[in-house]
Amino acid sequence: MKFGSTVRGSSKLTAGLLLAAFLFVGPLRALTPNEWRFSQAIDVPANGLIRVNLPAETLDAARPDLGDVRILDSAGREVPFLIDRPMPRRESALRSQELRTALEPAATQITLTTGTKSLLKGVTFETPPGSEFIKAVRVEGSHDSATWLQLASDKPIFRMAGGAANPSVSFPEGIWEFLRLTIDDSRTAAVPFRGVLLQVAETNAPVEPLPITIKTHDESLGVTRLAIDLGATNLTVASLRIKTSDPLFARQVTIAVPELANDGLCEQTLCTGSVYRVDVSGKVESRLEIPIDAQIRGREMIVLIDNGDSPPLVINAVDGARRVTRLVFLAREAGRYQLLSGNSQCSAPRYDLLELGEQLKSAAAIEVRPASLIASPDYRSPDNLAAFPLTGASIDVAAWKFRKPIQLPKAGAQQVELDPDVLARAALDQRDLRIVTQDRQLPFLLEHTSISRSLPLTPTSANDPKKPRLSRWSLKLPQAGVPIARIICAARSALFQREMRLWEEVADERGDTFPRELGRGTWKKVPGETTREFAIQLDVAPKSGTLFLETENGDNPPIDLHDFNGYYPVTRLIFKAASDSTQPIWIYYGNPEAASPRYDVTLIADQLLRAERASTTLGAQENMGSKTERITQTLSGSARYIFWGVLGVVVVALLLLISRLLPKAQ
């Protein structure tokens with residue numbers, strides 16, 4: 001048997017080893033294709049080594065480790081293969097052999113003796129902590145320290161107060177014995193650089209464009225949050241690129257993914273980076289790409305852009321690139337082969353090709369792509385949540401005080417956002433939440449997000465006549481107990497610096513009230529400063545419906561505050577609803593004695609993350625308590641004790657009246 005024409009350029013020894021390896025292990029036993037959900041045709045034009053580039057739909061249908069993928073020849077026999085996931089060799093950093101710094105009238109010049117023969121692609125400046133600057137850099141390279149070649153000009157390096165930074169300068173890859181770095185100090189003072197690292201060039205790896213859809217766009221607390229849909233699961237995302245029309249900016253960006261943690265879903269940080277478009281010496285330089293290089297098992301990613309006190313960026317779109325995944329196998333003859341995927345029960349194959357893995361991956365081969373995915377007629381359309389239990393244990397809801405109907409747009413995986421009514425009356429850790437239909441629980445996962453929702457706070461003056469130097473505002477919440485985490489307002493006063501204190505009045509067990517501090521902060525405003533909002537972070541969640549914000553003015557005039565808003569974090573419940581169910585589904589809450597539920601749904605959190613979820617809404621609240629309970633729930637402090645005292649007096653009076661009406665004993 002001979003290799004195809006594309007392999008003949010390899011050495012005879014390598015070709016012989018590869019051929020011997022494949023002859024030894026294949027073909028293998030025949031398989032039953034209907035045990036797999038999907039198949040794809042692979043048309044091989046000639047015999048030889050074949051490299052199959054897997055499309056996103058194949059990766060989405062297969063398991064994350066590709067342990068269910070199989071290749072069959074025209075006779076239905078299993079063909080051994082290797083999985084090739086080419087990844088770049090990450091760039092490394094080296095210290096130069098020698099560094100000399102010279103301060104000129106309008107520039108800082110740093111000369112490096114590299115001491116390496118590695119390919120260099122850039123330099124990274126080390127600066128003191130807390131330093132803020134923006135500089136233009138010129139880079140020159142030399143082999144003899146006498147003749148210099150310009151490699152880069154007017155490249156920006158900066159470090160901003162909000163955390164955005166770019167301390168690196170890139171230039172074309174090359175071997176340089178000497179580098180000369182000239183930093184422009186003509187507009188700002190020189191920076192005391194602590195050192196310079198050499199960036200050794202990385203080994204590139206192939207990528208493909210990745211179409212991305214922005215699912216949600218939220219603005220809150222100086223952060224832009226984008227939830228993006230990758231279109232498929234199990235993709236190795238190489239990078240994301242943010243498209244914006246803003247002319248000049250610098251932002252810190254965090255990339256996160258929803259993951260299971262502590263029996264719930266939360267956002268786990270993958271990486272951080274900076275995007276910018278800056279003007280350096282009249283030349284606009286930009287970088288809008290965030291490198292990632294990580295496999296994403298779900299189809300959703302979170303992009304958090306820290307805006308600080310600047311207005312949000314205008315985000316036009318987000319696109320990206322993904323690393324390719326390939327299968328390498330030997331075709332003994334031309335013809336149609338089959339690629340199978342979508343079998344959650346089979347074990348991963350074990351082929352004796354690992355020792356020749358590197359040779360096989362780098363050998364010349366015929367490049368092919370499989371045809372479109374075809375579902376096996378013996379299987380219905382795949383359901384990622386097929387193993388999700390639709391119902392849990394039965395439940396007696398007599399102890400729960402409130403409920404709301406969940407209005408489903410369609411069957412399948414659902415996500416419902418808890419509104420202020422639920423958050424205010426449920427336990428602070430949401431342990432008393434239950435989703436119920438026909439007196440049976442529906443298992444769910446709790447998801448804590450980085451989204452914040454705002455609530456308007458109604459302010460009124462609450463100054464104390466006995467304390468003329470004290471300014472106090474009374475802030476009315478829409479309802480008592482909403483777990484707001486931050487309060488933001490604006491100020492009309494042009495110049496001030498104040499220590500702000502936030503507190504509330506709560507009642508103890510005897511009905512006596514006392515002040516409970518919620519948070520503190522220092523607010524400062526100077527003339528000419530860009531108008532911004534002032535925030536105070538709450539250390540604990542409030543219990544009452546009225547908060548007090550106060551500050552000591554000293555001998556200064558009172559400050560003028562307005563536009564108060566409270567922010568609370570968004571929490572969601574994720575569950576599955578049956579397609580044939582006509583019974584109403586309720587969310588129950590308001591049982592302080594309830595313990596946290598324990599569902600086996602956490603075992604299949606990956607399937608929940610892979611599934612497309614419909615956003616549901618909550619209906620009107622219903623009070624499930626008795627009439628007496630409803631009255632007492634509206635009372636607090638001494639009023640509650642007065643109520644029970646009066647009720648006790650009435651009961652005693654009724655007992656005395658009854659005793660007088662009874663006939664006396666003879």
Item checked: Derivation of the salt bridge (charged side-chain N to carboxylate O under 4.0 Å, His left out) call for D218 and R453 -> CA-CA 9 Å; D218 296 284; R453 301 284 187 225; 3.1 Å; yes

Notebook entry, point to check: Are the side chain of S239 and the backbone of I292 linked by a donor-acceptor contact shorter than 3.5 Å?
Noted result: no

Next item on the list: Any pair with a residue in residues 558-571 that passes side-chain hydrogen bond (donor to acceptor under 3.5 Å, both in side chains), sequence neighbours left out, goes on the list, sorted by first then second residue, please.
Entry: R492-D560

Next item on the list: Not counting sequence neighbours, which residues clear ring-ring contact (aromatic ring centres under 6.0 Å, His included) with F249? List them please.
Entry: none

Item checked: Any residue meeting side chain to side chain donor-acceptor pair (under 3.5 Å) with D396, in chain and number order, not counting sequence neighbours -> none

Item checked: From CD1 (I406) to CD1 (I435), nearest 0.5 Å -> 4.5 Å

Next item on the list: Would you check if the distance from the ring center of F534 to the ring center of F496 is below 6.0 Å?
Entry: yes

Checklist line | For S454, side chain to side chain donor-acceptor pair (under 3.5 Å) partners two or more places apart | finding: none

Note to self: Whether the side chain of T244 engages the backbone of V314 through a donor-acceptor N/O pair (distance < 3.5 Å, no angle test) should be reported.
What the structure shows: yes

Next item on the list: Taking salt bridge (charged side-chain N to carboxylate O under 4.0 Å, His left out) as the test, write out the residues that go with K467, two or more places apart.
Entry: none

Margin query: N591 vs V397, test: side chain to side chain contact (heavy atoms under 4.5 Å, CB included). Steps then yes/no.
Written below: CA-CA 9 Å; N591 181 1; V397 297; over 6 Å; no

Next item on the list: List the steps, then state whether side chain to side chain contact (heavy atoms under 4.5 Å, CB included) holds for L433 with L418.
Entry: CA-CA 10 Å; L433 296 178; L418 303 183; 3.5 Å; yes

Margin query: Would the distance check show the side chain of E417 and the main-chain N or O of V570 forming a donor-acceptor pair, the cut-off being under 3.5 Å?
Written below: no

Next item on the list: Would you name the heavy atoms of A485 and Q537 that are closest together and state the gap between them?
Entry: O-NE2, 3.2 Å

Note to self: Do Y276 and L288 make a side-chain contact, defined as non-hydrogen atoms from C-beta onward lying under 4.5 Å apart?
What the structure shows: no

Next item on the list: Starting from the C-alpha separation in whole Å, work towards a yes-or-no answer on side chain to side chain contact (heavy atoms under 4.5 Å, CB included) for L442 and I585.
Entry: CA-CA 9 Å; L442 291 184; I585 299 177; 3.9 Å; yes

Next item on the list: I would like to know whether F133 and F158 meet ring pair (Phe, Tyr, Trp, His ring centres under 6.0 Å); could you show each step before the answer?
Entry: CA-CA 5 Å; F133 61 89; F158 60 84; 8.1 Å; no

Next item on the list: Sorted by first residue and then second, give each salt bridge (charged side-chain N to carboxylate O under 4.0 Å, His left out) pair with at least one member in residues 472-490; sequence neighbours left out.
Entry: R472-E550

Note to self: Could you tell me if the side chain of L455 sits less than 4.5 Å from the side chain of L477, heavy atoms only?
What the structure shows: no

Check: Between CG of L475 and CG of L502, what distance do you get to the nearest 0.5 Å?
Finding: 7.0 Å

Margin query: Any side-chain to backbone donor/acceptor pair from S544 onto T546? Under 3.5 Å, distance only.
Written below: yes

Checklist line | Backbone of A594 reached by a side-chain donor or acceptor of R431 within 3.5 Å | finding: yes

Notebook entry, point to check: Under the 3.5 angstrom rule, does the side chain of T449 hit a backbone N or O of I451 as a donor-acceptor pair?
Noted result: yes

Margin query: Checking F548 now: which residues fulfil ring-ring contact (aromatic ring centres under 6.0 Å, His included) with it, not counting sequence neighbours?
Written below: W503

Margin query: If the threshold is 4.0 Å, N to carboxylate O, is there a salt bridge linking K466 and D464?
Written below: no

Next item on the list: Kindly determine whether V237 and Q295 satisfy side chain to side chain contact (heavy atoms under 4.5 Å, CB included), including the steps that lead there.
Entry: CA-CA 6 Å; V237 179; Q295 186 182 32; over 6 Å; no

Item checked: Test ring-ring contact (aromatic ring centres under 6.0 Å, His included) applied to W586 - qualifying residues, sequence neighbours left out -> none

Note to self: So I302 and I255, do their side chains get closer than 4.5 Å, heavy atoms only?
What the structure shows: no

Notebook entry, point to check: Going by atom types only, do Q414 and T616 share a side-chain donor-acceptor pair under 3.5 Å?
Noted result: no

Checklist line | Distance-only side-chain donor-acceptor flag, S274 / Q252, under 3.5 Å | finding: yes

Note to self: What I'd like to find out is whether the side chain of R498 reaches to under 4.5 Å of the side chain of T522, using heavy atoms alone.
What the structure shows: no

Checklist line | Residue pair R277 / P247: nearest heavy atoms and the distance that separates them | finding: CD-O, 2.9 Å

Item checked: Lys/Arg-Asp/Glu bridge criterion (N-O < 4.0 Å) met for K543, E504 -> no

Note to self: Rounded to the nearest 0.5 Å, what separates atom CD in E219 from atom CG in L226?
What the structure shows: 8.0 Å

Next item on the list: Would you give the length of the straight line joining atom CG of N166 to atom CZ of R287, rounded to the nearest 0.5 angstrom?
Entry: 4.5 Å

Next item on the list: Using a strict 4.0 Å threshold on nitrogen-to-oxygen distance, state whether E517 and R501 make a salt bridge.
Entry: yes

Next item on the list: Considering only NZ, NE, NH1 and NH2 on the basic side and carboxylate oxygens on the acidic side, decide whether D555 and R469 come within less than 4.0 Å.
Entry: yes

Note to self: A side-chain contact here means heavy atoms from C-beta on lying under 4.5 Å apart; do C489 and E533 qualify?
What the structure shows: no

Notebook entry, point to check: Considering residues at least two apart in sequence or located in another chain, which fulfil the ring-ring contact (aromatic ring centres under 6.0 Å, His included) criterion with Y589?
Noted result: F402

Item checked: Name of the residue among T213, D229, T233 meeting side-chain hydrogen bond (donor to acceptor under 3.5 Å, both in side chains) with R299 -> D229

Item checked: Spatial distance of atom CG (L313) from atom CG (D246) [nearest 0.5 Å] -> 5.0 Å

Notebook entry, point to check: Side chains of L573 and L445: does their closest heavy-atom pair fall under 4.5 Å?
Noted result: no

Margin query: Please enumerate all residues that pass salt bridge (charged side-chain N to carboxylate O under 4.0 Å, His left out) together with K404, with sequence neighbours excluded.
Written below: D419, D421

Notebook entry, point to check: With S615, which residues qualify under side chain to side chain donor-acceptor pair (under 3.5 Å), at least two apart?
Noted result: Q415

Notebook entry, point to check: Is the closest side-chain heavy-atom distance between V223 and N307 below 4.5 Å?
Noted result: no

Next item on the list: Return the set of residues passing salt bridge (charged side-chain N to carboxylate O under 4.0 Å, His left out) with K243 (not counting sequence neighbours), or none when no residue passes.
Entry: D319

Check: Judged by atom type as modelled, is there a donor-acceptor pair below 3.5 Å linking the side chain of E259 to the main-chain atoms of V257?
Finding: no

Item checked: Cationic N near anionic O, under 4.0 Å, E267 to R225 -> yes

Check: Rounded to the nearest 0.5 Å, what separation is found between the OG1 atom of T551 and the CH2 atom of W523?
Finding: 8.5 Å

Check: Does atom CD1 of I214 have more than 12 heavy-atom neighbours, drawn from other residues, nucleotides or ligands, at distances under 6.0 Å?
Finding: yes

Item checked: Note, T460 side chain near W473 side chain (heavy atom, < 4.5 Å) -> no

Margin query: Could you check whether S596 and D429, counting side-chain N and O atoms only, form a donor-acceptor pair closer than 3.5 Å?
Written below: no

